[in-house]
Q: 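So that we are looking at the same thing, I have put the structure below in structure tokens.
In this text, all values refer to a predicted model and were calculated from it rather than measured experimentally.
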Amino acid sequence: MHQPIHHNRRPFAIVLGTSEIASAVAVHLHRAGYFVVMSHDPFPPVIRRRMSFHDALYGDPVSVDGIAGARADDGVQILKARRQPQAIQVSWLVLTDLLSVASIDVLVDARLQKHQVKPDLRRLARSSIGLGPGFAAHVNCDIAIETRPGRSGLIVAQGWTDAADGVASPLGDAGAERFQYSQTSGRWHTPVEIGSRVFKGFVLGHLSGEAVRAPCDGIVRGIVRDGSDVPAQVKLLEIDPRGRHAQWTGIDGRGRTIAKAVCLAIETERTPSDPTITQPV
């Protein structure tokens, strides 16, 4: 891993996405010596906001695993922050805007847009990494990493990652039944805070006036930010049914595994003659 000599010489990393997975990657890159900028994408909406830097976009004080996030509105602000990079920068700027700010050392697409066509990230950075379905090493990124349950963190140095299979990552004994999805597109309103204890059937918010209820008993682990416009058929909220073992802040096991794999992939830069799939340690 590259190590900076001076703060203003820290290698530059861009993470696409502001979800909990993207944020776990950002934290690990920050600790590895990178100056990290996260680029927000509106799809899919972020629900696990207490496990991510997402709300920094709105000026809220945010930290993940002890690392602070700060909103960056333009390239000048990002360049100033690079001189004293204590915080991870979180921005509405898209990748095309950020390409002109500085030469990119590492680019990670952590948006997890499972069914969308992926851009070709190669040659946009010294190392480009694609997370999840739709990425193939040496096709649209340099290295791809699996995010599917049971294979999260596997580094794919040749070929495609697994296609999305519609199976939710397990949380205790719960699968997809712990989520509520938007039936239509519309404006989302909720007074409920992440970390609240709720019971099955409790109204957690309204999507274009239609009530959305808790699918089970438990703790609100994630919920779309109040006032957001959401498309149809995306996750609106998640309930953690694990009782005292529920987690709604920090970095969870899956996020940590994927983030470690990103750092390992950068460090090793495997060649086609190497094993095609490796497990991070």
Q: How is the hydrophobic cluster of V46 composed, in terms of its other members, when Ile, Leu, Val, Met, Phe, Trp and Tyr link through side-chain heavy atoms under 4.5 Å apart, directly or indirectly?
A: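 Traced through the cluster, V46 reaches no other member.
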Q: Of all heavy-atom pairs between L131 and A110, which one has the smallest distance, and what is that distance?
A: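 Scanning both residues, the minimum pair turns out to be CD1-CB, 3.6 Å.
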Q: Considering residues at least two apart in sequence or located in another chain, which fulfil the side-chain hydrogen bond (donor to acceptor under 3.5 Å, both in side chains) criterion with R197?
A: none
Q: Please tabulate, for side-chain N and O atoms in residues 62-72, each donor-acceptor pair with protein atoms closer than 3.5 Å (sequence neighbours left out).
A:
| unit_1 | atom_1 | unit_2 | atom_2 | d |
| --- | --- | --- | --- | --- |
| D65 | OD2 | R31 | NH1 | 2.9 |
| R71 | NE | D73 | OD1 | 3.1 |
| R71 | NH1 | L57 | O | 3.2 |

Q: Under 3.5 Å, sequence neighbours excluded: what are the donor-acceptor pairs made by side chains of residues 201-214?
A:
| unit_1 | atom_1 | unit_2 | atom_2 | d |
| --- | --- | --- | --- | --- |
| S208 | OG | R187 | N | 3.4 |
| R213 | NH1 | G201 | O | 3.0 |

Q: With salt bridge (charged side-chain N to carboxylate O under 4.0 Å, His left out) as the criterion, how do K200 and D217 come out once you've worked through the C-alpha distance, each side chain's angles and the decisive distance to 0.1 Å?
A: CA-CA 5 Å; K200 183 177 180 178; D217 298 348; over 6 Å; no
Q: Would you check if W188 and D226 make a side-chain contact, meaning some heavy-atom pair closer than 4.5 Å?
A: no
Q: Above 12 or not: heavy atoms from other molecules or residues under 6.0 Å from NZ of K118?
A: yes
Q: If you compare all heavy atoms of T147 against all heavy atoms of P133, which two are closest, and at what distance to 0.1 Å?
A: OG1-CD, 3.9 Å
Q: When L107 is tested against each of L98, I129, L16, L99 for side-chain contact (heavy atoms from CB on, under 4.5 Å), which residue passes?
A: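 Running side-chain contact (heavy atoms from CB on, under 4.5 Å) over L98, I129, L16, L99 with L107 returns exactly one hit, L16.
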Q: Among residues at least two apart in sequence or on other chains, which ones pass side-chain hydrogen bond (donor to acceptor under 3.5 Å, both in side chains) with R111?
A: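 Checked R111 against side-chain hydrogen bond (donor to acceptor under 3.5 Å, both in side chains); matches are D41, D109.
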Q: With sequence neighbours excluded, tell me which residues meet side-chain hydrogen bond (donor to acceptor under 3.5 Å, both in side chains) with N140.
A: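 N140: no side-chain hydrogen bond (donor to acceptor under 3.5 Å, both in side chains) contacts found.
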